[in-house]
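Here is the structure we will look at, set down as structure tokens.
Throughout, numbering of the chain's residues begins at 1 and tracks the sequence.
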Amino acid sequence: MSIVFLVGAIAACSGSPAPNLTQGETPSTDETADTPSPTAATAERVVTLTSLTADLVQTLDGETLVGIPGSPLTQQDPRFSDIDIVSEGRVEPDLEKIIALEPDLVIGAAGFHDKVLDRLQELGIDVLATEVDSWDALETLTEELAQRLDASPDVLLARYDACLAQAPESAPSTLVLVSRQPLLSPNKSSWAGDFLNQFNLPNLTADMQEDSSFGGYVTLSEEKVLQANPEQLLVVDTGDNLLDQLKGDAFWSQLAATQNDAVYTFDYFGLINPGSLASIEATCQQLANLAPED
């Protein structure tokens, strides 16, 4: 997966501009850019442009969902098999198809779907721009969607609590690597960074300032990685054999994590891009199952 595609994917799925990573959606976010008033009408026909919001809406009130993105996550989920697809990967959503579905609410990712959301708003269709870059943002989005659908968020909020309840009290120092050229790692302002924080994993790049155009991510040199010398490494699977590529670099064998066999592969969806409820819950379980600190 190219760095450009991966970053776009991070942003698209989550809802905020992210590193140029790549995978059909983007590294992640979901706070509302266009916040509806408390008296906003109940939505009865909803089109979502991210897999995460499609999952949330389907779980809250599946009868309202009339349009979804053509993400690998939605295409592999039988719950969405009869729902119209209005976008594919990083291709601009089909505006005419969306309008034909006569939605009263269209939900997209802030910084990624701005153009189509602006056009829909000009046509008098209610839109919601989301950005999920933290667990607080996920909870806020869930509560807002529940309000718009006149549904209860309690089941989803309980699932979030159950997920985070698996967090250990302490863990080894951790470094997440998302790409190789450049070496990218999430700081605390990203979904991944907040995820590590929620699981009490000392993220060695948490407090580093962004030095690239990838929001919530920092660029590392091999020297910085060696200096940080994490006790465990989380390598993100973006479909381009990142771990195998890293193993070929001279610095790799010098790290404590590699010497102690404390290198773990994580899926892009869940850790970098929330993706779906199932992806998030799978990541919670995997983080909880990491080797305990000695």
Side-chain angles (χ1 to χ4, degrees), residues 1-30 46-59 62 65-94 97-98 101 106-113 116 130-133 138 141 159 163 176 178-179 184 186 190-192 195 214 234-244 264-287:
M1 174 181 294
S2 70
I3 186 65
V4 171
F5 182 71
L6 174 56
V7 175
I10 291 176
C13 202
S14 60
S16 70
N20 254 334
L21 306 175
T22 296
Q23 185 160 351
E25 283 191 329
T26 51
S28 114
T29 68
D30 253 312
V46 180
V47 169
T48 66
L49 304 179
T50 73
S51 58
L52 177 61
T53 52
D55 199 352
L56 295 178
V57 171
Q58 200 284 332
T59 304
L65 193 58
V66 297
I68 59 172
S71 153
L73 296 178
T74 56
Q75 292 174 331
Q76 296 167 12
D77 191 328
R79 296 177 301 161
F80 303 112
S81 60
D82 296 326
I83 301 177
D84 287 315
I85 294 175
V86 298
S87 66
E88 292 284 353
R90 290 177 55 77
V91 176
E92 189 78 11
D94 190 325
K97 183 176 289 188
I98 294 173
L101 291 172
V106 177
I107 307 168
F112 192 75
H113 295 123
V116 67
T130 68
E131 179 177 6
V132 179
D133 54 5
L138 176 61
L141 174 65
R159 288 174 68 174
C163 203
V176 178
V178 183
S179 67
L184 283 180
S190 64
W191 167 259
F195 214 142
F214 308 144
L234 311 187
V235 178
V236 178
D237 179 11
T238 57
D240 56 359
N241 299 313
L242 176 58
L243 180 56
D244 288 341
Y264 308 94
T265 300
F266 276 72
D267 194 86
Y268 165 81
F269 288 114
L271 183 60
I272 302 302
N273 183 329
S276 69
L277 297 171
S279 298
I280 293 170
E281 290 171 331
T283 301
C284 282
Q285 184 172 9
Q286 189 175 2
L287 288 174

As an exercise, state the distance from [atom1] of [X] to [atom2] of [Y], rounded to the nearest 0.5 Å.
X      : Y      : atom1 : atom2 : result
Leu287 : Phe266 : CG    : CZ    : 4.0 Å
Asp267 : Thr238 : CG    : OG1   : 10.0 Å
Asp237 : Phe269 : CG    : CZ    : 11.0 Å
Leu65  : Asp84  : CG    : CG    : 10.0 Å
Leu56  : Leu141 : CG    : CG    : 5.5 Å
Gln75  : Ile68  : CD    : CD1   : 8.0 Å

Next on the checklist: I need the full list of salt bridge (Lys or Arg N to Asp or Glu O under 4.0 Å) pairs touching residues 269-285, with sequence neighbours left out, sorted by first then second residue.
Outcome noted: Arg159-Glu281
Checklist entry - Hey, does the side chain of Thr50 reach the backbone of Ala109 with a donor-acceptor pair shorter than 3.5 angstrom? => result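 No; zero donor-acceptor contacts below 3.5 Å.
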Next on the checklist: Test your reading of the model: is there a side-chain donor-acceptor pair from Ser51 to the backbone of Thr74, 3.5 Å cut-off?
Outcome noted: no
Next on the checklist: Contact between Phe195 and Cys284 at the side-chain level, heavy atoms closer than 4.5 Å - yes or no?
Outcome noted: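 Yes, at least one pair of side-chain atoms sits under 4.5 Å.
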Checklist entry - Are Val106 and Val86 side-chain neighbours, meaning at least one heavy-atom pair lies under 4.5 Å? => result no
Next on the checklist: Between Ile280 and Trp191, is the side chain to side chain contact (heavy atoms under 4.5 Å, CB included) condition met? List the steps.
Outcome noted: CA-CA 11 Å; Ile280 293 170; Trp191 167 259; 4.0 Å; yes
For the residue pair [X] and [Y], what are the closest heavy atoms and their distance?
X     : Y      : result
Ile83 : Gly67  : CG2-N, 3.6 Å
Ile98 : Pro93  : CD1-CB, 4.0 Å
Leu52 : Pro274 : CD2-CB, 3.8 Å

Checklist entry - Quick one: salt bridge (charged side-chain N to carboxylate O under 4.0 Å, His left out) partners of Arg79, sequence neighbours excluded? => result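 With sequence neighbours excluded, Arg79 shows a salt bridge (charged side-chain N to carboxylate O under 4.0 Å, His left out) to Asp55, Asp77, given in chain and number order.
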Item to check | From Leu73, Leu138, Thr59, residue fulfilling side-chain contact (heavy atoms from CB on, under 4.5 Å) relative to Leu277 | outcome: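 Single pass found, and it is Thr59.
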Checklist outcome for this item: Hits for side chain to side chain donor-acceptor pair (under 3.5 Å) against Ser279, two or more places apart or cross-chain, chain-then-number order -> Ser276
